[in-house]
K.L.:
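Just passing along the structure, written as structure tokens.
FYI, side chains are in, hydrogens and waters are out, and symmetry mates aren't considered; it's all heavy atoms of this structure. In what follows, chains are A, B, ... by sequence order, proteins preceding strands, each numbered from 1.
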Amino acid sequence: MSTERIHVELVGITKRFGTFAAVNDVTLTVPEARFVTLLGPSGCGKTTTLRLVAGFYDVDEGEIRIDGRRVNDVPPDRRSTAMVFQDFALFPHMTVFENIAYGLRIRRFSQANVTRRVEGVAQLLGLQGTEGKSPHQLSGGQQQRVALARALVVEPEVLLLDEPLSNLDAKFRLRVRTEIRQLQQQLGKTTIYVTHDQEEALAISDTIAVMLDGRIVQVGSPFDVYYAPASRFVADFVGTSNFVEGRVIADRDTTRVDVGGITLTLGPRGLPAGARALLAVRPEAIHLMGPDESCEREVENYLGGVVNARSFMGSRVRYWIGAGGTEWMVDVHLAAPSRLLAGEVALRIPQERIHVLECQEK
Amino acid sequence: MLAVARAQVRDVRWLVREPALFAVLLAVAAFLLVFVLLPVIRVLAVPSVEHWMQYLQRGAFIKATRNSLLMAVLSTTSAMSVGFLYAYALVRADIPGKPLFRTVALLPLVSPPFVTGLATILLFGRRGLVTHRLLGLTFDPYGWHGLWFAQTLAFFPLAYLGVAGVLRSISPSLEMAAHNLGARRWAVFRTITVPLAAPGIASAALLVSILILADFGNPMVLGGSFYVLATEAYLQIIGRYNTEMAAALCTVLLVPALGFFLAQRYWLGRRAYVTVTGQPTGLEQRRLPPAVRWALFGGCLVVAMVVASIYLVIAVGAFTRIWGVDWSLTLGNFAYTLFRQRDLYNSVRFGLMAALLAAAVATVAAYLTQRKSFPGRGALDFLTLLPMVLPGTLVGIGFVLAFNQPPLELAGTATIIVMAMAIRTLPVGYRLAVVSLHQIEPSIEWASRNLGASSLRTFARIMLPLLKYAFVGGFIYTFVKSINTLSAVIFLVTPGKAVASASILGLAEQGYWGQATALAFSLIVVALLGLGLLRLVVGRRVQLFDL
Ligand SMILES: Nc1ncnc2c1ncn2[C@@H]1O[C@H](COP(=O)(O)OP(=O)(O)OP(=O)(O)O)[C@@H](O)[C@H]1O
Ligand SMILES: [Mg+2]
């Protein structure tokens, strides 16, 4: 992996509006042909970061490099960072063809060349037949493709996408996101993608950079971000988690944590005794058993509990179980229609699925 | 067929269920029919074939028509150019002094339009401050060149407001998208900004051109022997008592105005590019390079200084004993205009009444057309907006023709003047009310109905309080416009019922510059006081004149 060429580099960039730092000391490297997603809640500075890369705003501190070249002072029209805008920003006074051809015309391509390229990209995105239409005559999905085609046709160095799916309906969003990903891989285009939808980010990215309050709080593969969140915020924002806090008990080669009444066994972790630890457990990691499925009580992290509430979601059921002084969210996948649990139940939390988020020595 | 009929029945059922509102609708409709439609019809009806033959054969009329067109083309071009520069600078450029520039552009909008003509004479006339006193020249501003200058200054603020609105409506992300695809500033301006703004700008230019085409005050003050249709029509009535010929000339003016109005309604309105964007997080336009910014600033500064000098000269004139001869200061001019004559007092009184009437009719009409369906809704909307493009001269002559015999004998009364003022300003009040109504969710009204209030009660208890700022805004606006209107009321004033705008014209024609400017100055002060009061009462909740 170390042979990968670094394509886009953000080095400690900061952007302030007045005194408010919308982007605060952000550092990120984007290798060539990779799909990197900026993920975070509304207002965390994703769009601002993307606009800094495109050159719509000037950075106040830090450096942006593309291909190793510092581009801080390069105006947006010289950056070759074609962007798909959240509102698509299709030119309403031009046809679909003219929209897509715009960047080529600006680059003074010959008419024949323009036609050939526009037709090529229209074909690629399934836009044949719409070329003569005006943008407002298209459906949302078609508009989205025109925006994508318009950005792709100029063969930008870097493709920027700002929540390109947020104006589409839920079903369609799934399809288009797969298409975008396939296209990106097929073309090998370095891409920075912005979304606040964690599921979308997990599904589409090579790398996810999770943002909060203008900062990047974790960078990693979707797998890392999901299974090894760096903080409570990430664990909560990407997927859902049960959080419990407790005190570490030293116990020869295995670590235990006392979380108010019950003790969870973590296996060998080497945490210092007496420290306060914050633990996270994904709802789907917990095994739920009915009263009749009793197994030997000797097994680790076995808790008796009561179903407080449940919610049927089609392929799975989410239970809220009161056990050991805490309420646990537990997801149970239904491979076939089966009886929903109620009343007395039992939980088992596999030790390898308990993630230590923080550990502070007293 | 049956379904359509049934839908129509469903639409009008509220008429039966809400008799009070129905009565209000009938009253508004009657008002519009009598005071908007009837005068127009009277004007169209009086000229006979003979008058039309005369129009086509008499050199003077053909010449006046040509002059009108020439002036409209010249002044629209220059006013739009200045207006575009001003708007582009104020909307897009990061330049100092914007509030000042805005305020200066406001002045021609709140003063009698012929003030620029008056000031042109004081500055550049035979005894003008610049030409005679400073340069020692003998220069004659009367004629097409002086008129062109005055009309440019009088109408550029309107052009500015139109263009500024259009520029603001262009989503910054479109221009950013073009940059992002590699276009330089000039390319973006040429391929994105201008084409997007073009329909709106064309529409503003057409409006400005029909207003200039029909303008009466400045050609009267400054035209000299350069007659246009509006002044020719005035002469036909005042000099020759030939109302029929005057009506024919007004009809000629009405044709392009009506053409524009219909085009605006059915074609231009639809072509304007409304850019809908879902993401308000302020993407700003790119900063202009310093050279462009300072060039724009310089342009604005020149325009603002010319406009400011116009109003300064009016103020100075008001306190000068005899312009061009005796430059000593005096308050005597005000003594005459404020205390010996009732013109200013009449203007204010009639203006207040007209404003109340216009704002009330406008608010109710807006509510009816925007929130209710009934047969003739389109016609009601049409009639309320129509006066915007009616030449003032036509309204004046139409009123003379329509209301000089029973049962509607109003000639010589204050009522006829108030009505003329109200009609002239009705469309603006209506527009304001429509805009405010669009900001009120229909569900608010439904909630009130849902809780058991009748439609009339809902209007009074829910809509009126919500619309009150629009109402106050419409009231002040129509007041300011009413006291300044000239072309319509000049046919309606009688010795006891004189109003300031008409008297200023009379005083200026006789060379009483001191008194004319003192009266004009007072009128401007009254208008500014009205706007100040508005700011005090409603703060920034109502936007008038882009302030
Ligand atoms: N032009 C601006 N002026 C002042 N503050 C701004 C401006 N643009 C953005 N901000 C602020 O900067 C912060 C980050 O904004 P940004 O648009 O980057 O958020 P985002 O992560 O894209 O959010 P969303 O998911 O809602 O699009 C927000 O708090 C926003 O209010
Ligand atoms: Mg955003």
Side-chain angles (χ1 to χ4, degrees), chain A residues 17 22 42-43 45-48 50-51 53-58 75-94 98-109 134-136 140 143 146-147 150-156 158-160 162-163 166-167 194, chain B residues 92 94 163 165-204 267-293:
Chain A
F17 295 109
S42 187
K46 310 177 294 284
T47 297
T48 307
L50 210 64
R51 287 174 180 174
V53 175
F56 300 160
Y57 300 138
D58 292 326
D77 44 271
R78 316 260 81 196
R79 283 204 192 180
S80 194
T81 52
M83 177 148 157
V84 177
F85 289 67
Q86 183 169 6
D87 60 1
F88 306 148
L90 298 180
F91 306 129
H93 59 303
M94 299 181 187
E98 287 165 342
N99 262 284
I100 301 176
Y102 186 83
L104 301 174
R105 293 252 161 85
I106 289 293
R107 287 166 175 73
R108 301 190 188 288
F109 277 58
S134 135
H136 70 261
Q143 291 182 13
V146 175
R150 187 178 70 177
L152 283 175
V153 79
V154 299
E155 299 189 350
V158 185
L159 185 62
L160 306 177
D162 188 0
E163 308 210 16
S166 62
N167 283 339
V194 160
Chain B
R92 289 296 176 80
D94 190 7
V163 177
V166 172
L167 287 179
R168 280 203 199 96
S169 74
I170 297 177
S171 159
S173 63
L174 292 176
E175 289 182 15
M176 274 309 184
H179 279 302
N180 180 253
L181 293 166
R184 306 290 188 91
R185 288 173 195 283
W186 176 243
V188 172
F189 184 76
R190 212 166 33 82
T191 60
I192 307 295
T193 317
V194 170
L196 280 177
I201 290 179
S203 168
W267 178 65
L268 275 177
R270 244 177 276 152
R271 278 216 40 191
Y273 302 111
V274 185
T275 49
V276 196
T277 110
Q279 201 185 27
T281 20
L283 186 58
E284 284 146 26
Q285 258 88 21
R286 270 176 86 185
R287 275 170 74 94
L288 295 169
V292 176
R293 259 186 318 164

K.L.:
Among A151(A), A89(A), P75(A), single out the residue with the greatest number of heavy-atom pairs under 4.5 Å to chain B.
P.N.:
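Highest number of pairs under 4.5 Å: A89(A).
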K.L.:
Distance check, rounded to the nearest 0.5 Å: D77(A) atom CG versus R185(B) atom CZ?
P.N.:
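Here the rounded value is 8.0 Å.
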K.L.:
Give, as side chain, backbone, both or neither, the part of R105(A) having an atom under 4.5 angstrom from any heavy atom of chain B.
P.N.:
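Neither the backbone nor the side chain of R105(A) comes within 4.5 Å of chain B.
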K.L.:
Looking only at heavy atoms, which two atoms of T191(B) and H93(A) are closest? And how far apart?
P.N.:
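T191(B) and H93(A) have their closest heavy atoms at O-NE2, 2.8 Å.
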K.L.:
Measure the CG-CZ distance between N180(B) and R79(A) for me, rounded to the nearest 0.5 Å.
P.N.:
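Going from CG on N180(B) over to CZ on R79(A), the span is 10.5 Å.
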K.L.:
Any idea which heavy atoms bring A187(B) and I106(A) closest together, and the distance?
P.N.:
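Residues A187(B) and I106(A), closest heavy atoms: CB-CD1, 3.9 Å.
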K.L.:
Can you confirm whether R184(B) is buried at CZ, in the sense that more than 12 heavy atoms of other residues, nucleotides or ligands lie under 6.0 Å from that atom?
P.N.:
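For R184(B), atom CZ is not crowded (no more than 12 foreign heavy atoms under 6.0 Å).
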K.L.:
Measure distances from A178(B) to the heavy atoms of chain A and classify the residue's part below 4.5 Å as side chain, backbone, both or neither.
P.N.:
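Both parts, backbone and side chain.
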K.L.:
Which bit of F91(A) is near chain B, if near means a heavy-atom gap under 4.5 Å: side chain, backbone, both or neither?
P.N.:
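Looking at F91(A), backbone and side chain both touch chain B.
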K.L.:
Using a 4.5 angstrom heavy-atom cutoff, name the option from G43(A), A82(A), G55(A) with the most pairs to chain B.
P.N.:
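Option with the greatest count: A82(A).
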K.L.:
Do you know which two heavy atoms are closest between A177(B) and R150(A), and how far apart they sit?
P.N.:
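For A177(B) and R150(A), the tightest heavy-atom pair comes out as CB-NH2, 3.5 Å.
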K.L.:
Between Y102(A) and A183(B), which heavy-atom pair has the shortest distance, and what is it?
P.N.:
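In this case the closest contact between Y102(A) and A183(B) is OH-CB, 3.6 Å.
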K.L.:
For A147(A), is it the side chain, the backbone, both, or neither that has a heavy atom closer than 4.5 Å to a heavy atom of chain B?
P.N.:
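Contact with chain B: none, neither part.
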K.L.:
Pick one of side chain, backbone, both or neither for L90(A), based on which atoms fall under 4.5 Å of a heavy atom in chain B.
P.N.:
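Only the backbone of L90(A) comes within 4.5 Å of chain B.
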K.L.:
Find the distance between CD (E175(B)) and CZ (F56(A)) and round it off to the nearest 0.5 Å.
P.N.:
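The distance works out to 11.5 Å.
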K.L.:
Say you draw a straight line from CG of L181(B) to CD1 of I100(A); how long is it, rounded to the nearest 0.5 Å?
P.N.:
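L181(B) CG to I100(A) CD1: 11.0 Å, rounded to 0.5 Å.
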